[in-house]
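Written below as C-alpha cells is the structure these notes are about.
Order of the sequence lines fixes the chain letters, A, B, ..., with proteins taken first and strands second; residue numbering starts at 1 for each chain.
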There are 2 protein chains.
Amino acid sequence: MKSILKPVAATVLAAAALAAASASFAQQAPKPEQLIKWRQSAYQVLAWNTGRVKANVDGTYNKDDVIKASNAIAAIANSGLGALYAPGTETGKGWRETTVKPELFTDKKAGEVAAAFNKEANELARVAAVGDVAQVKAQLAKLQGTCKACHDDFRKKD
Amino acid sequence: MKSILKPVAATVLAAAALAAASASFAQQAPKPEQLIKWRQSAYQVLAWNTGRVKANVDGTYNKDDVIKASNAIAAIANSGLGALYAPGTETGKGWRETTVKPELFTDKKAGEVAAAFNKEANELARVAAVGDVAQVKAQLAKLQGTCKACHDDFRKKD
C-alpha cells in the first residue's frame with residue numbers, strides 16, 4: 001500500500017498516527033457519560049458513609065466505624081468532585097439520567113454550597129477522631145444540611 | 001378494632017409495634033440491592049481516581065491532583081468495603097447485576113487480596129505525598145496489580 005501513497009498523503013497519515021499515539025499516551029479525556037457515572041457513584045458512596053455515621057449515632061456507637069466512614073466522606077469531598085461537572089455533563093446518562101439542574105453550571109452559589117460541604121465534611125472527620133457521640137451527631141446534622149442545600153437548589157426531583 | 005382483640009393478641013401487637021419502633025430508631029439494615037449498588041459505586045470512584053493518577057504519571061504531573069486522588073483511594077480502601085459483601089449479596093442487582101463470583105464469599109484468598117489492596121492503596125497515598133513521579137508510577141502499578149488479582153479470581157467477565 002505504501003508505494004501508492006503520494007508524499008503529502010503519507011505525511012498526513014504519519015502526523016495522524018503521531019497524534020493518535022500522543023493522545024493514547026496522555027489518555028483520552030473521559031466522556032461526559034463516564035463523568036456523570038463517576039459523580040453518581042461518588043454520591044452513593046457518600047450516602048453509604050453518612051448513613052453509617054447516622055446508624056452509629058442513633059444506635060450502638062462504634063468509634064472506629066465512624067472514623068472510617070467520616071474519613072471516606074472527607075476524602076471524597078476533598079477529591080475534586082468539580083472535575084466531574086465538566087462542560088458537556090449538563091445532561092446525559094451515567095448509571096441513569098443525571099438529575100443535575102442547569103443552574104449548577106451557571107449560579108455562583110454552587111461554589112459556595114460545595115465549599116460548605118467540604119468544610120463540614122472535614123470537620124466531621126476531625127470530630128469523629130476526637131469527639132463524643134453528641135458532637136458527631138451535631139456535626140453530621142451540619143454536614144447533611146449542606147447536602148440538602150445543594151439538593152434543594154441544584155438537583156431535580158427523582 | 002381494639003375492643004375485639006384478645007389480651008394475648010394485643011400484647012403481641014404491642015410487642016411488634018415496639019420492635020418496629022426500635023428497628024426504625026436504629027435504622028433498618030440496608031437491603032442487599034442497596035449494598036450491591038454501594039459497592040459498585042465504590043469501585044467506580046476507585047476507577048476514577050486510579051485513572052487520574054495514571055493520567056498524571058503518563059502526562060503532565062500535578063502533585064496536588066495525585067494526592068487528592070490517592071487519598072480518596074486510600075480512604076475508600078480503609079472504609080470497610082467488606083460490609084458491602086454481607087450475606088444475601090451473592091447475587092442481585094444494584095446499578096446493574098452484580099458480577100461477583102460466588103467464590104468471593106467462601107475462598108479465604110479473598111481476604112488476602114483485599115488486604116493486599118488496602119496495603120498498596122495506603123502506600124500510594126504515602127508515596128503521593130512524599131515521592132516523585134517514578135515512585136508514584138511504580139506504586140500505582142502495584143496497586144493495580146491487586147485490582148487485577150481480585151478481578152481475575154472473583155469477578156465474572158462483563
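For B:Leu35, no part lies under 4.5 angstrom from a heavy atom of chain A. Neither the backbone nor the side chain of A:Ile67 comes within contact range of chain B; no heavy atom of the residue lies under 4.5 Å from a heavy atom of that chain. Contact of A:Leu46 with chain B is not made at all, since no heavy-atom distance falls under 4.5 Å.
A:Ile36 is not connected to A:Phe105 by any chain of hydrophobic side-chain contacts under 4.5 Å among Ile, Leu, Val, Met, Phe, Trp and Tyr, and they are in different clusters.
Below 4.5 Å, heavy atoms of chain B meet heavy atoms from A:Ala72, A:Ala75, A:Ile76, A:Asn78, A:Ser79, all part of residues 72-79 of chain A.
Minimum interatomic distance between B:Val45 and A:Trp38 (heavy atoms only, all atoms of both residues): CG2-O, 4.4 Å.
One finds the NZ atom of B:Lys37 at 9.0 Å from the CD atom of A:Gln40 (value rounded to the nearest 0.5 Å).
At most 12 non-hydrogen atoms from other residues, nucleotides or ligands lie less than 6.0 angstrom from NZ of B:Lys142. Around NZ of A:Lys156, the count of heavy atoms belonging to other residues, nucleotides or ligands within 6.0 Å exceeds 12.
B:Arg96 places a side-chain heavy atom less than 4.5 Å from the side chain of A:Trp95.
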